[in-house]
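Since the structure comes first, as structure tokens, the remarks are kept for the end.
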Amino acid sequence: MDIGADEFEESLPLLQELVLGADFVGLDIEFTGLRSNLSGPQQISLFDLPSEWYLKTRQSVQQFTICQIGLSVFSSIEGESNKYVAHSCNFFLFPTTFGVLDSEFSFQASSVQFLNQYGFDYNKFLKNGIPYMNEEQEKKIKHNILTGNWKVRSSLDKEQIKVVIDEVTRWLDLAEEGDWMTLPGIAGFQAFEIQLVLRKALPDIWTALRDQGVVVKKVSTQHRWYLENTSCDRESCWKEKILLSARGFSVFFQMLVKARKPLVGHNMMMDLLHLHEKFFRPLPESYDEFKLNIHNLFPVLIDTKNVTKDIWKELNFPKVSNLSEVYEVLNSDVNPTKNSGPVIIHASRCEKYVETKYPHEAAYDAFLCGSGEGRRPLPRRGTRVIFAIIPPLSLATPPAPIYFQVGGPLEIKPEFAYHSKAVGCALVSVSLLASSLPVLLKVAHLLLWKVHSAIPIPEPSFPLYLDVLAPYVNQVNLIRAGVPKINFAGPDFPSIRPPILILTVRRWPGVSEQQVYREFQNLCKFDVRRLTRSQFLLMTNKFKDTRSILKEYKCHPTLQISLYRYWRHSPNINCLLRVCGIVTTWAFIAFLLGRAGP
């Protein structure tokens with residue numbers, strides 16, 4: 001289900017109910033760019049400590065913006081064993097432009113090309129994006145609105161308001177008291193903004209927002225005073241409404257934070273950085289403060305990349321590079337729990353992903369984090385299929401599921417038909433022989449199977465799955481850094497990367513880091529950092545690459561590679577030792593000369 005600015009406010013009550021009743025929430029975010037094209041020491045590398053990686057990445061997060069957020073809300077079905085319903089939504093976002101707020105952001109050509117390849121609709125992002133702001137921006141605009149110290153910022157809005165004021169002024173010259181006119185095509189918080197401008201500029205009018213647009217009515221001075229002091233539509237109420245509309249998606253973000261549900265993503269570090277920057281507060285300079293803030297906002301984080309990485313090594317599963325490939329492996333014969341696990345049902349209005357894959361659409365990827373739904377064959381004649389009635393949240397007790405034989409008659413009892421018409425229940429089909437099995441829950445089910453390999457598996461439930469996932473909670477995968485993951489619940493774990501290598505170059509004057517990188521790139525990938533004029537540090541995240549290059553260059557005439565030892569190779573230590581040596585030598589000479597004297 002796609003949600004833009006036009007549909008957002010009316011969807012908020014339902015979204016709040018969904019989140020409050022959820023077991024967990026899947027998240028994925030699409031951006032206008034990933035990383036700035038920084039050079040030299042500003043590029044992220046395997047040499048970076050987590051704090052260094054954070055400071056470098058922080059610059060990119062501040063430069064780019066969010067264009068789409070996908071959320072998939074998973075709730076267990078009451079009375080059904082290990083069955084879940086998923087509500088998947090795409091939210092198109094665009095930064096708030098109101099008053100003093102006028103954000104600047106960049107597009108990265110490769111990111112635009114990538115999203116275009118997968119059918120991203122930039123019109124929905126640019127024309128119907130939901131506004132949003134962080135807490136600092138909200139404080140600034142709230143102060144300006146409530147004190148009346150605000151102004152129209154963009155030239156487009158200035159021109160629009162100028163045209164509106166001219167149109168209303170011409171109409172006023174001919175209108176009589178009690179006459180009214182309609183300004184069509186003005187909606188959202190801009191409608192409130194235009195009304196505030198008109199009321200401030202023209203003392204003999206009153207305005208109201210109706211379905212067809214902004215209605216302007218000519219009134220007397222006395223009637224205007226009466227309306228300003230008694231109407232529920234008075235200016236002070238409006239200002240609160242303007243602020244609420246301008247906050248946009250930030251309102252739902254606060255709902256998500258207050259619900260304190262487990263948040264699930266795949267390689268979700270960049271997502272968390274953008275959530276903090278765009279909806280909470282500007283990213284702090286302190287890495288530890290960032291970690292603490294995220295942990296307070298989302299006390300339970302589960303990164304499926306981090307979970308699957310360990311399991312893949314232990315069970316010797318085939319190598320994968322993205323979320324879709326993780327799903328394919330989990331639903332292949334190499335997985336011993338392939339034919340067991342939870343059943344996921346798409347809610348009404350969210351059936352888009354039942355039969356079709358939409359890779360890199362935010363809601364689809366968010367759904368895959370929790371539910372690796374793939375293309376499913378239609379059930380054969382005679383297969384027993386469950387039709388689950390998914391009611392609105394206002395219906396306290398869900399009706400029982402209905403079973404029937406494919407190719408046979410389908411009977412729905414009158415009471416179910418009544419519910420279907422009266423409260424808008426939707427029928428969602430699920431084949432029991434080809435049920436969709438979630439990535440998170442599928443992996444948790446696999447872990448549960450491992451733990452109870454010698455005894456029968458207890459009846460699965462989400463709290464039980466959380467217990468087996470406990471070692472992975474709040475640990476988020478980190479791409480290209482000195483440590484493989486960040487621990488948001490405490491100190492980061494020590495590095496388990498291969499040892500650093502040192503390269504000593506002979507008979508190659510003026511060699512650069514780029515030339516060293518190109519020398520080894522056909523054999524393996526190394527991050528390169530200059531140590532001295534003729535020495536470079538080499539770092540990789542694969543032990544086999546370290547072994548390979550030590551073997552390959554063992555007897556090389558100009559490039560000598562060995563393990564880096566700090567006390568032996570550090571320029572600072574070497575300098576200190578030289579100074580100590582010089583001081584010791586002069587002291588010894590002075591001692592000898594002193595003894596030789598009279």
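- From D303, atom CG reaches atom OG1 of T308 across 8.0 Å, with rounding to the nearest 0.5 Å.
- Shown here is W180, whose CH2 atom has no more than 12 heavy atoms of other residues, nucleotides or ligands within 6.0 Å.
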Report task. Apply salt bridge (Lys or Arg N to Asp or Glu O under 4.0 Å) to the pair E138 and R247, showing each step before the final yes or no. Result -> CA-CA 7 Å; E138 181 182 342; R247 287 178 65 202; 3.4 Å; yes
Query raised in the report: How far apart are the C-alpha atoms of E30 and I66, what are their side-chain angles, what is the distance that settles it, and do they pass the side-chain contact (heavy atoms from CB on, under 4.5 Å) test?
Result: CA-CA 6 Å; E30 303 297 340; I66 295 172; over 6 Å; no
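- For the 3.5 Å distance criterion, the side chains of S76 and D23 qualify, holding a donor opposite an acceptor.
- The main-chain N or O of T65 is found under 3.5 Å from a side-chain atom of T32 such that the two form a donor-acceptor pair.
- Panel note: side chain K218, backbone A175; a donor-acceptor pair is recorded below 3.5 Å.
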Query raised in the report: Checking side-chain contact (heavy atoms from CB on, under 4.5 Å) for the pair Y84/I77: CA distance, chi angles, key distance, verdict?
Result: CA-CA 5 Å; Y84 297 81; I77 300 176; 5.8 Å; no
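- When all heavy atoms of H295 and N474 are compared, the pair lying nearest together is CE1-ND2, 3.6 Å.
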Can you give me every donor-acceptor pair (side chain of residues 268-276, partner residue at least two apart or in another chain, under 3.5 Å) with its distance?
unit_1 : atom_1 : unit_2 : atom_2 : d
H274   : ND1    : K278   : NZ     : 3.0
H276   : ND1    : R281   : O      : 2.8
H276   : NE2    : N293   : ND2    : 3.1

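- Just one of F249, F279, F92 meets the ring pair (Phe, Tyr, Trp, His ring centres under 6.0 Å) condition when paired with Y132; it is F279.
- The two residues K217 and G178 make their nearest non-hydrogen contact at CE-O, 3.9 Å.
- Here CG of L27 is found 13.0 Å from CD1 of I302. Values are rounded to the nearest 0.5 Å.
- Closest approach of Q62 to L283, counting heavy atoms only: NE2-O, 4.4 Å.
- Each of I3, V73, I69 was scored for a side-chain contact (heavy atoms from CB on, under 4.5 Å) with C89, with one residue passing: I3.
- The shortest distance between side-chain heavy atoms of F120 and C67 falls below 4.5 Å.
- The CD atom of Q222 sits 11.5 Å away from atom CG of L227, with the distance rounded to the nearest 0.5 Å.
- Taking CG from N267 and OG1 from T304, the interatomic distance works out to 8.0 Å, rounded to the nearest 0.5 Å.
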**Report entry** Audit row: F252, L71, side-chain contact (heavy atoms from CB on, under 4.5 Å) steps and yes/no
**Finding:** CA-CA 11 Å; F252 179 62; L71 289 177; 3.1 Å; yes
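- Put simply, the side chain of D28 does not reach to within 4.5 Å of the side chain of H266, judged on heavy atoms.
- Between K139 and M133 the shortest side-chain heavy-atom distance does not fall below 4.5 Å.
- Residues V164 and L183 meet the side-chain proximity criterion, which asks for heavy atoms closer than 4.5 Å.
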Query - CA sep, side-chain torsions, deciding dist, call: K124, D2, salt bridge (Lys or Arg N to Asp or Glu O under 4.0 Å) - result: CA-CA 9 Å; K124 290 184 178 180; D2 290 348; 2.9 Å; yes
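- With hydrogens and angles ignored, the 3.5 Å screen pairs a side-chain donor or acceptor of Q108 with a backbone N or O of R35.
- N128 contributes a side-chain N or O that, together with a main-chain N or O of A5, makes up a donor-acceptor pair within less than 3.5 Å.
- Panel note: side chain N134, backbone E277; a donor-acceptor pair is recorded below 3.5 Å.
- Using a 4.5 Å heavy-atom threshold, the side chains of V215 and T207 count as separate.
- Here L441 contributes atom CG and L330 contributes atom CG; the two are 11.0 Å apart, rounded to the nearest 0.5 Å.
- Under the 6.0 Å distance and 45° angle rule, R199 counts as a cation-pi partner of W206.
- A donor-acceptor contact shorter than 3.5 Å links the side chain of K261 to the backbone of A22.
- T182 contributes no side-chain N or O that, together with a main-chain N or O of G213, makes up a donor-acceptor pair within less than 3.5 Å.
- Annotation for F64 and F105: closest pair C-CB, 4.4 Å, computed over non-hydrogen atoms.
- Residues V219 and D204 form no side-chain contact, since every pair of their non-hydrogen atoms from C-beta on lies 4.5 Å or further apart.
- A donor-acceptor pair is defined here as one N or O able to donate and one able to accept, closer than 3.5 Å; such a pair exists between the side chain of E7 and the backbone of G4.
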**Report entry** Derivation of the side-chain contact (heavy atoms from CB on, under 4.5 Å) call for E176 and D179
**Finding:** CA-CA 6 Å; E176 297 182 359; D179 289 350; 3.7 Å; yes
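- No option in F298, Y465, F74 other than F74 meets the ring pair (Phe, Tyr, Trp, His ring centres under 6.0 Å) test with F24.
- Residues P282 and E136 form a side-chain contact, since some pair of their non-hydrogen atoms from C-beta on lies under 4.5 Å apart.
- Considering all non-hydrogen atoms of both residues, S111 and G33 come closest at OG-CA, 3.4 Å.
- The distance from the CD atom of Q195 to the CD1 atom of I205 is 8.5 Å, given to the nearest 0.5 Å.
- Inter-residue side-chain proximity for M1 and N90 is flagged as unmet; no heavy-atom pair is nearer than 4.5 Å.
- When all heavy atoms of S220 and H223 are compared, the pair lying nearest together is OG-N, 3.1 Å.
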